[in-house]
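Notes follow once the structure below has been shown.
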Amino acid sequence: MRVAIAQMTSGSDPSENLEQVERLTREASAGGADLVVFPEATMCAFGNDLSAVVEPLDGPWASRVREIAVGSEIVIVAGMFTPGSEGRVRNTLLAVGPGVDTSYDKVHLFDAFGYRESDSVEPGTQAVTFALEGATVGLATCYDIRFPALFAANAGKGAQVNIVCASWGAGEGKVEQWSLLARARALDSTTFVVACGQADPASSGMQLTGSAPTGVGHSAVVSPLGRVIAELGPAPELAFVDIDTAEIDDARGKLPVLANARSF
């Protein structure tokens, strides 16, 4: 499986962000990728009025992403916002393309480091996987990476690859935590972890205020034994990584944490 990581910077305009999705998807397809992964909040950056851009999964934004994916013969995973209840939205990953049409609503909401995602976002309740190129892929979003149980649940559903789409909050030690957590979740679940974050807006000369998490970059792909296969810097970038899911059986033979796990 060839994976493209589309580390981009989202703005406040969903249509302009969609143009980035289309351009980067075509580049990913031309590079031979089977899957292109975009960050959390691809549709619209945090720090904006999410209720003003929210759309259902069959709305115009998601429908156009489907068209781009099918036209480019590639699967797209990208973050958007869908309707929730009681005036809140859902922080949703859309996964669409040939033979794939599913979505995941972020389970663990980012009520940490002075930010309260739950004020405006309704949590999801289900782990989600999908099949691609003979492999099973699990989905997770940003703060989810701090919770091993979701990754183990995805692995229990057959996942060999776990995708984490993020708009990671900046701050002291946060890049190091992101890198450490990606490696830890790969080891916990003995899966490949594809961690795609928003680029650091400062790397493009953008000055932002407020506490909204807008990205630090440093997207990465980690092997099931915790080896960093690829890591990006802070700036926008499209990177390609070839994943051999045959490595999963070898890794789980050496490190059978899933088989050895106990519940308490």
Side-chain angles (χ1 to χ4, degrees), residues 1-7 28-29 31-40 74-79 93-97 99-100 102 104 106-107 127-166 168 175 177-197 217-232 237-261:
M1 181 191 304
R2 173 161 267 211
V3 178
I5 303 172
Q7 181 172 283
S29 180
D34 305 294
L35 167 69
V36 57
V37 181
F38 290 89
E40 175 188 24
I74 191 172
V75 171
I76 295 174
V77 175
L93 291 183
L94 179 70
V96 290
V100 176
T102 191
Y104 163 75
K106 185 179 182 181
V107 171
V128 174
T129 63
F130 64 89
L132 175 64
E133 295 296 311
T136 301
V137 180
L139 295 171
T141 304
C142 204
Y143 194 47
D144 282 336
I145 202 172
R146 294 185 182 272
F147 300 89
L150 177 59
F151 292 75
N154 286 344
K157 292 162 68 80
Q160 297 143 306
V161 178
N162 271 305
I163 292 172
V164 189
C165 301
W168 199 251
V175 171
Q177 291 174 33
W178 166 249
S179 177
L180 173 62
L181 289 162
R183 299 196 308 274
R185 296 299 80 84
L187 285 163
D188 291 337
S189 58
T190 47
T191 63
F192 286 93
V193 168
V194 177
C196 179
H218 293 275
S219 299
V221 178
V222 184
S223 82
L225 291 179
R227 177 174 62 88
V228 178
I229 301 169
E231 182 175 357
L232 282 60
E237 183 179 349
L238 181 69
F240 294 85
V241 177
D242 292 311
I243 288 177
D244 182 1
T245 55
E247 291 183 31
I248 297 293
D249 289 341
D250 179 64
R252 291 178 178 173
K254 293 175 179 175
L255 184 66
V257 291
L258 296 173
N260 293 342

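All heavy atoms count here, side chains included; hydrogens, waters and symmetry mates do not. Note that the coordinates shown come from a computational prediction; the quantities given were computed from them, not determined experimentally.
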For Trp178 and Ala195 the tightest heavy-atom approach is CZ2-CB, 3.4 Å

Quiz prompt | Steps toward side-chain contact (heavy atoms from CB on, under 4.5 Å) verdict (Leu232, His218) | solution = CA-CA 5 Å; Leu232 282 60; His218 293 275; over 6 Å; no

Original post:
So do the side chains of Val161 and Val194 get within less than 4.5 Å of each other, counting heavy atoms only?
Top reply: yes

Could you tell me if the side chain of Val77 sits less than 4.5 Å from the side chain of Cys165, heavy atoms only?
yes

inquiry  = For the backbone of Cys142 and the side chain of Glu40, can you confirm whether one donor and one acceptor N or O come within less than 3.5 Å of each other?
reply    = no

Taking every heavy atom of Phe130 against every heavy atom of Ala95, the minimum-distance pair comes out as CE2-CB, 3.9 Å

Ala4 and Ala33 have their tightest heavy-atom pair at CB-CB, 3.9 Å

message: Could you tell me if the side chain of Ile163 sits less than 4.5 Å from the side chain of Leu35, heavy atoms only?
response: yes

Residue set satisfying salt bridge (Lys or Arg N to Asp or Glu O under 4.0 Å) with Asp188, at least two apart, ordered chain then number -> Arg185

In this structure, CG of Leu93 is separated from OG1 of Thr141 (nearest 0.5 Å) by 3.5 Å

Separation between CH2 (Trp168) and SG (Cys196), nearest 0.5 Å, reads 13.5 Å

Smallest heavy-atom separation, Val36 atom then Ala6 atom, equals CG2-CB, 4.0 Å

Nearest heavy-atom approach of Ala28 to Ile74 is CB-CD1, 3.9 Å

CZ of Arg227 to CG of Leu187, rounded to nearest 0.5 Å, is 12.0 Å

Taken to the nearest 0.5 Å, the spacing of Gln160 CD from Asp244 CG works out to 10.5 Å

Note: Pro224 and Ile248 closest approach over all heavy atoms is CG-CD1, 3.9 Å

For residues 248-259, the salt bridge (charged side-chain N to carboxylate O under 4.0 Å, His left out) pairs (sequence neighbours left out) are Asp250-Lys254

Exercise. Are Phe151 and Phe147 near enough that their ring centres are under 6.0 Å apart?
Worked result: no

Measure from the side-chain N and O atoms of Asp144 to the backbone N and O of Ala140, and report whether any donor-acceptor pair falls under 3.5 Å. no

> Are any non-hydrogen side-chain atoms of Val221 and Val3 less than 4.5 angstrom apart?
Replying inline: no

Looking at side-chain heavy atoms only, is the closest gap between Ile76 and Leu94 below 4.5 Å? no

Non-hydrogen side-chain atoms of Thr129 and Val137 separated by less than 4.5 Å: no

Output for pair (Asn162 CG, Leu139 CG), nearest 0.5 Å, gives 8.5 Å

Heavy atoms, side chains only, cut-off 4.5 Å: are Met1 and Leu132 in contact?
-> yes

Exercise. Please check if any side-chain donor atom of Asn154 sits under 3.5 Å from a side-chain acceptor atom of Tyr104, or the reverse.
Key: no

TODO: For side-chain contact (heavy atoms from CB on, under 4.5 Å), just list the numbers for Ile5 and Leu238, CA-CA rounded to whole Å, side-chain angles, deciding distance to a tenth of an Å, and then say yes or no.
DONE: CA-CA 6 Å; Ile5 303 172; Leu238 181 69; over 6 Å; no

One should read off an interatomic distance between Ser223 OG and Phe192 CZ, to the nearest 0.5 angstrom, of 6.5 Å

Pair Ser219, Gln7: side-chain N/O donor-acceptor within cut-off below 3.5 Å: yes

Q | salt_bridge(Arg2, Asp34) N-O dist < 4.0 Å | A | no

